[in-house]
Amino acid sequence: QVQLVESGGGSVEAGGSLTLSCVVSTSRRDTTNCMGWFRQGTGQSRVGVAGIDGRTGTTYYSNAVRGRFTVSRDNAKRTVYLRMDNLQPEDADRYFCTAGCSDYGGSWLRGLKYKYWGQGTQVAVSG
């Protein structure tokens, strides 16, 4: 059984920073080969924010966050992080961690890429 547990959400003023963490609990080492972060607003579709290849460290970002957000991982801790700088009101959403490579060979910013999902953590940005 695979479990993903996010933490680190909260409320910040515009221009502020937050770091989200996601611990991937699994007995299979390859679950962390593909990891990512998505976000979803109320009544909206889930949108890919960042992805990371756990084997190589290669990262992928949406245009909306490139240059402001940084995805990283600690394979020993089976944890993926999302450092978010210069947060803006439009970044306020529920953020979801995802892991596990599916058979989909396309974009790392599409939900089809991943097998497992966390419950999400809320990010609010004022100002």
Side-chain angles (χ1 to χ4, degrees):
Q1 186 175 2
V2 179
Q3 286 189 322
L4 283 69
V5 179
E6 302 99 332
S7 62
S11 181
V12 296
E13 294 185 353
S17 298
L18 283 174
T19 298
L20 307 182
S21 301
C22 173
V23 178
V24 183
S25 298
T26 176
S27 60
R28 293 190 55 165
R29 187 175 299 176
D30 62 358
T31 301
T32 56
N33 287 351
C34 299
M35 295 182 287
W37 289 93
F38 285 65
R39 64 187 184 188
Q40 185 174 22
T42 303
Q44 298 181 358
S45 300
R46 200 168 291 186
V47 176
V49 172
I52 184 166
D53 187 325
R55 296 156 291 192
T56 65
T58 304
T59 56
Y60 306 85
Y61 297 98
S62 69
N63 290 336
V65 307
R66 186 177 291 112
R68 300 187 298 123
F69 290 13
T70 304
V71 61
S72 61
R73 92 293 191 202
D74 185 328
N75 286 343
K77 295 181 179 180
R78 293 185 178 176
T79 300
V80 59
Y81 305 95
L82 185 67
R83 167 76 178 185
M84 304 184 292
D85 293 316
N86 191 22
L87 282 160
Q88 299 300 314
E90 55 266 31
D91 295 316
D93 271 333
R94 191 165 186 83
Y95 283 71
F96 295 86
C97 169
T98 185
C101 304
S102 72
D103 293 332
Y104 176 73
S107 171
W108 287 70
L109 300 181
R110 292 199 67 185
L112 291 171
K113 186 73 174 178
Y114 306 94
K115 289 183 177 179
Y116 309 107
W117 296 83
Q119 294 299 307
T121 184
Q122 194 69 37
V123 171
V125 184
S126 60

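Quick caveat: nothing in here was measured; it's all calculated off a predicted structure. Along the sequence shown, residues carry numbers from 1.
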Out of curiosity, Met35 CE to Thr79 OG1, how far, rounded to the nearest 0.5 Å? 8.5 Å
Closest heavy-atom pair and its distance - Arg46, Phe38: CG-CB, 3.6 Å
Can you name the nearest heavy-atom pair linking Gly48 to Ser62, along with the distance? O-CB, 3.5 Å
Between Val65 and Val49, the two heavy atoms sitting closest are CG2-O, 3.5 Å
Would you call Leu20 and Val123 a side-chain contact if the rule is heavy atoms closer than 4.5 Å? yes
With sequence neighbours excluded, tell me which residues meet salt bridge (Lys or Arg N to Asp or Glu O under 4.0 Å) with Asp30. Arg28
Donor-acceptor under 3.5 Å (Asp74 side chain, Ala76 main chain): yes
Gln119 side chain to Glu6 main-chain N or O, any donor-acceptor pair under 3.5 Å? no
Does any pair with a residue in residues 8-78 pass disulfide (SG to SG under 2.5 Å), and if so which ones, sequence neighbours excluded? Cys22-Cys97, Cys34-Cys101
Can you tell me if Glu13 has over 12 outside heavy atoms packed within less than 6.0 Å of its CD? no
Partners meeting ring-ring contact (aromatic ring centres under 6.0 Å, His included) with Tyr60 (sequence neighbours left out): Trp108
Under 4.5 Å side-chain heavy-atom separation, chaining through any Ile, Leu, Val, Met, Phe, Trp or Tyr, what else clusters with Tyr104? Say none if it is isolated. Leu112
Which atom of Gly127 lies closest to which atom of Pro89, heavy atoms considered: C-CG, 4.0 Å
Any chance you could measure Lys115, atom NZ, to Leu4, atom CG, to the nearest 0.5 Å? 13.0 Å
For the OG1 atom of Thr32 and the NZ atom of Lys77, what is their distance to the nearest 0.5 Å? 14.5 Å
Look at the side chain of Asn75 and the backbone N and O of Gly54, then say whether any donor-acceptor pair between them is shorter than 3.5 Å. yes
Keeping Gln122 on the side-chain end and Gly120 on the backbone end, is there a donor-acceptor pair under 3.5 Å? no
Would you confirm whether Thr98, through its side chain, and Trp37, through its main-chain N or O, come within 3.5 Å as a donor-acceptor pair? no
Heavy atoms of Tyr61 and Phe69 approach each other most closely as CE2-O, 3.2 Å
Contacts of type salt bridge (Lys or Arg N to Asp or Glu O under 4.0 Å), residue Asp53, not counting sequence neighbours: Arg55
Is the number of heavy atoms from other residues, nucleotides or ligands within 6.0 Å of CZ (Arg68) greater than 12? yes
Common cluster, Val71/Leu18, ILVMFWY with side-chain heavy-atom separation under 4.5 Å: yes
In terms of hydrophobic clusters joined by side-chain contacts under 4.5 Å, are Tyr114 and Phe96 together? yes
Going by the rule salt bridge (Lys or Arg N to Asp or Glu O under 4.0 Å), which residues pair with Arg83 if we only count those two or more places apart in sequence or in a different chain? Asp85
If you take all heavy atoms of Arg39 and Ala64, which pair is closest and at what distance? NH2-CB, 4.0 Å
Drop me the distance from Ser72's OG to Leu82's CG, to the nearest 0.5 angstrom. 8.5 Å
